[in-house]
Amino acid sequence: MRKELAKTYSPSEFEERLYQNWCDKGYFTPDPKDPAPAFSVVIPPPNVTGQLHMGHALDETLQDILVRRRRMEGYNTLWVPGTDHAGIATQIKVEEQLRTEEGLTRYDLGREKFLERVWDWKHKYGNRIISQLKKLGASCDWTRERFTMDEGCSRAVREVFVNLYEKDLIYRGNRIINWCPHCITALSDAEVEYSEQEGSFWHIKYPIKGEDAYVEIATTRPETMFGDTAVAVNPNDDTTKHLIGKTLILPLVGREIPVIADDYVEIGFGTGCVKITPAHDPNDFLVGQRHNLEQIKVMNDDATMNRFAGKYEGMDRYECRRALVEDLKSEGYLLSVEPHAHNVGTCYRCKTTVEPMTSDQWFVRMQPLAEPALKAVYDGKVRFEPERFTKTYTNWMENVHDWCISRQLWWGHRIPAFYCDDCGEMTVSKTDITVCPKCGGRVHQESDVLDTWFSSALWPFSTMGWPDKTEELEKYYPTSVLVTGYDIIFFWVARMIFSGLEHMGKEPFSTVFIHGLVRDAQGRKMSKSLGNGIDPLEIIEKYGADALRFALATGNAPGNDMRFSDEKIEAARNFANKLWNASRFVLMNLDAEDEETALPALDELSVEDKWILSRYNNMVKNVNVNMDKYELGVALSDLYDFTWDIFCDWYIELAKSRLFEKESKGAAVARRVLVYVLTGILKLLHPFMPFITEEIYQSLPHASESIVISSYPKFDESLVFPAEEASLDRVIAMIGAIRTRRAEMNVPPSRKAKVYLVTKYSDTFKGAEAFMIRLASASSVEIVDAYEKDDAVSIITEGATAFIPMAEMIDLDKERARLSGELAKTEGEIKRLQGKLSNEGFLAKAPAAVVDAERAKLEKYNATREALLAAIAKLS
RNA sequence: GGAGGCAUAGCUCAGUUGGUUAGAGUACUUGCUUGACAUGCAAGGGGUCACUGGUUCGAGUCCAGUUGUCUCCACCA
């Protein structure tokens, strides 16, 4: 017995049940031994303690669309899910909780106890985002779910670390890095966000030793003065040349510093004299190296001043700045202050202003890794979609600096370096060691952990069991496509590419499909602080996951940001409802014994059947072409238009004429065509809207156990019927014209009218009486050779004229005016086309098909013109 | 300073290698309890495709420039 669909579309009644069933049946769990070609994707792992937001929803929806289509096409399809330990973000959260609930810091607990708490947290909240992904319908293989800090991924991290270290691609060194005084850790360049802030330029006197003169120095960060170890001038600057070699006295501090020459200083900019603070500025650091200057670090890890700041020791950097400026002023060293807007680096996690400072950290030597990573992209081995993001990647990779990978956190992969307490020897090892291999002394492990992105860089192969040689790696690496937002090209995509090349010898994916950001209805970025985030789960609850997915997949071009609005989600839900009801209609008309899913024989098909099959097949072709090009939005809009405007608005309406003769042969044929086309629609729509399509599929006669593993529609040329298509299009044009005319004349639909048709396509219209009666409010349709009386409205389309006697409603003058208007328009078109067709350049250079099309058009307009002239003549 | 995006209907956006009279959703106007759907049906109004120039038989689409706007990267103290 066929299952009835509920009267109204209520997704919450079936989404969960269907998802559970898909998982139970193992549809998402592929067998690597299956010889079908592989299609594999790894999820950009969301933060383990995070919650699903619209960005995820978009990202997962796009992946699921690609994955589900390939699965239906018969690929051996794997989508690896998992989560990221998100070092800083997670640690901050747990510390926050610790502080608010227990008034403790992580130091109170100690490393081990604190990590236990983080794991507790992970176990408590780590599943939240996973279950949210399931609600969205993501067809991930949950049996292969991974976590960046699970045993396997951690092993991969260590393997990679040691390999790189042994190749001298990882080194430890004292370099200038970005320091977050709030998170108390080093950051990589990529983790610093710049934001413009209002600041000041302080102009300070630096007295010249032994002279009654001074040098004017401008700075935006006066508190770094305590770390100045030189003042630099450009050697070719005549105005400052005389200062080179002289000694200056740091105001208030009294320390002596030299004036050095370095062409880093720009001639003509400012005073031409630059204070050099090697320990607190990246450029100064380089100058310092060139001149062998001392590095004086003046701050502690929390950005309070240290002993080098003298009496300011212990003050916060900004407190010190205020006090110092006051003192400089009162001592007469402050020349002037001017307001100055400048870009300040901030921590991407906590937004605290970062402090550039020298520090002992671990780095990845980037240049040797960047070269092959660039080559892979230049050679097209890795392709960005849309193409323009290639440049984002190459620009960054071409200018990349060494990557600071050590973090002074506790939550993360602890760096596998061991220091001997006795001889000081450092040993980097894949396995933990307790004694020094050199002297046998006791060792202790490096306390720093690795940048979170170090482990996510390995995701495409660490999740597949590397460094072991697994059958997953064999089958599914490299992955097919990576789907992610443009905002993490540097953080993640770039690093995966060089990591894959370095450790696997192969790029991790061939295509990077980039999408934009989901913004709010006003176009603002969704953010916690603005409170304008839209919770995808609320949307799912209210409208269903399918509507959410539809709204996210439609109406925007790849790589562009999109706005999310009520309007959009409602439109999506309405479409789902439309599909639901169209399906209900089909189901209502089916008999219990209708189980056939194939089409009837071609000679049983009516004109409208052939018409819809033609249209359907052309749509299938377009959808496939666009899906292949990652134009998912275009593909979906083709589907939308076909479903609503062609299938529902026309074919179903046309089919009613036969369907309502329930026992007729024609009804049986119509039912099967309806089932065939509807099933095709459902399959094509399934990657976008998995739930509703499955629910309906299960109610219809169906060939496969589930739509998830049913076959994806392919273009079938044998089901394209151009003649029937053209024929029914003429009928549709006439129905449309009659409707328009009646609406203009305010004739209510209830008032049926006789229609007399004069047409050279009498065969076409002979079979169409029923359609016109049903859809154009005709009471009868008669095909006549001519209609002589002048009591009728004439409705002219290409190839046919309809006369509808409605004497009392016709104002002859208005009718004449209307027809003349149409005539003018038609003649305008004719003139335009004639012009084009008499243009020799056009005839000579345009493709023949285009010229022919224009000619055919002209012919049609000419025919229409004749008919209009005849109608006007009759009225006068 | 460098790179890129965007500019099309009141609003939000599509428009795929240049080729019908430039589309959709939404809003608006009018009429409809039409044997699936008012989350609907039918009809309609609404656009100088930012501006200027160029290439071409033909430009919303390609090129150059201008203006506006957003983003990313770098960063001069």
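Chain letters run A, B, ... following the sequence lines, proteins first, then strands; residues in each count from 1.
Counted within 6.0 Å of CD on E663(A), heavy atoms from surrounding residues, nucleotides or ligands total 12 or fewer; the atom is thus considered open.
On the C1' atoms, G5(B) is 25 Å away from G10(B), given to the nearest whole Å. Taking atom C1' in both G60(B) and A14(B), one finds a spacing of 12 Å when rounded to whole Å. Using P as the reference atom, U20(B) and U61(B) are 14 Å apart when rounded to the nearest Å. G35(B) and U17(B) are spaced 44 Å apart, taking the P atom of each and rounding to whole Å. A59(B) sits 11 Å from C49(B) when the C1' atoms are compared, rounded to a whole Å. On the P atoms, U16(B) is 14 Å away from C63(B), given to the nearest whole Å. Look at the C1' atom in both C70(B) and C28(B): the space between them is 30 Å, to the nearest Å. Comparing G25(B) with A43(B), their P atoms sit 12 Å apart, to the nearest whole Å.
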Base versus backbone protein contacts along nucleotides 24-39 of chain B [heavy-atom cut-off under 4.0 Å; B, S, -]: -BS--------BBB-B

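Using a 30° and 60° split on the angle between ring planes, W396(A) and F490(A) fall in the parallel class, below 30°.
The N343(A) side chain lies nearest to C75(B) when the options are C75(B), A77(B), G15(B). Relative to the side chain of K629(A), the nucleotides U16(B), G19(B), G44(B) differ in distance, and U16(B) lies closest. When distances are taken from the side chain of R563(A) to each of G19(B), C13(B), A77(B), the shortest belongs to C13(B). The side chain of H340(A) approaches A77(B) more closely than any other nucleotide in the set A77(B), A3(B), C72(B).
Ring centroids of Y214(A) and Y206(A) are separated by 6.0 Å or more, keeping the two rings apart. In summary, the aromatic rings of F491(A) and Y348(A) are positioned with their centroids under 6.0 Å apart.
Atom CZ of F842(A) is separated from atom P of G19(B) by 12 Å (rounded to the nearest Å). Taking atom NE2 of H401(A) as the reference point, atom C1' of C75(B) lies 11 Å away to the nearest angstrom. For R519(A) and C6(B), the CZ to P distance is 14 Å, given to the nearest whole Å. Computed from coordinates, the R388(A) CZ to C73(B) C1' distance equals 16 Å when rounded to whole Å.
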Side chains of residues 518-526 of chain A: which donor-acceptor pairs under 3.5 Å do they make with residues two or more places apart or in other chains?
residue	atom	partner	partner atom	Å
R519(A)	NE	D561(A)	OD2	2.8
R519(A)	NH1	G523(A)	O	3.1
R519(A)	NH2	D561(A)	OD2	2.9
D520(A)	OD1	Q522(A)	N	2.9
D520(A)	OD1	G523(A)	N	2.9
D520(A)	OD1	R524(A)	N	2.8
D520(A)	OD2	R524(A)	NE	2.8
D520(A)	OD2	R524(A)	NH2	2.8
D520(A)	OD2	N532(A)	ND2	3.0
Q522(A)	OE1	R524(A)	NH2	3.2

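Positionally, the nearest nucleotide of RNA chain B for A743(A) lies more toward the 5' end than for the other of F490(A) and A743(A).
Within 4.0 Å of N626(A), counting heavy atoms only, lies at least one base atom of the nucleic acid. At the heavy-atom level, Y486(A) lies nowhere under 4.0 Å from the strands shown. V265(A) comes within 4.0 angstrom of a base, heavy atoms only. Looking at heavy-atom distances under 4.0 Å, T740(A) makes contact with sugar-phosphate atoms alone, never a base. When heavy atoms are screened at a 4.0 angstrom cut-off, S637(A) is found touching no nucleic acid atom at all.
A salt bridge between D546(A) and R573(A) is absent, with no side-chain N of the basic residue lying under 4.0 Å from a carboxylate O of the acidic one. Looking at E829(A) and K825(A), no side-chain N of the basic residue comes within less than 4.0 Å of a carboxylate O on the acidic one, giving no salt bridge. Using a cutoff of 4.0 Å between basic side-chain nitrogens and carboxylate oxygens, E653(A) and K656(A) are scored as salt-bridged.
Pairing partner, C41(B): G31(B), with both Watson-Crick or wobble hydrogen-bond distances short of 3.5 Å. Pairing for G25(B) is with C11(B), a Watson-Crick or G-U wobble pair whose two hydrogen-bonding atom distances lie under 3.5 Å. Pairing of G53(B), defined by two Watson-Crick or G-U wobble distances under 3.5 Å, is identified with C63(B). Partner assigned to U69(B) is G5(B), using Watson-Crick or G-U wobble distances below 3.5 angstrom.
Proximity of N560(A) to the phosphate of A14(B): a side-chain N or O atom is located under 4.0 Å from OP1 or OP2.
Applying the salt bridge (Lys or Arg N to Asp or Glu O under 4.0 Å) rule to K621(A) yields no partners; only residues at least two apart in sequence or on another chain are considered.
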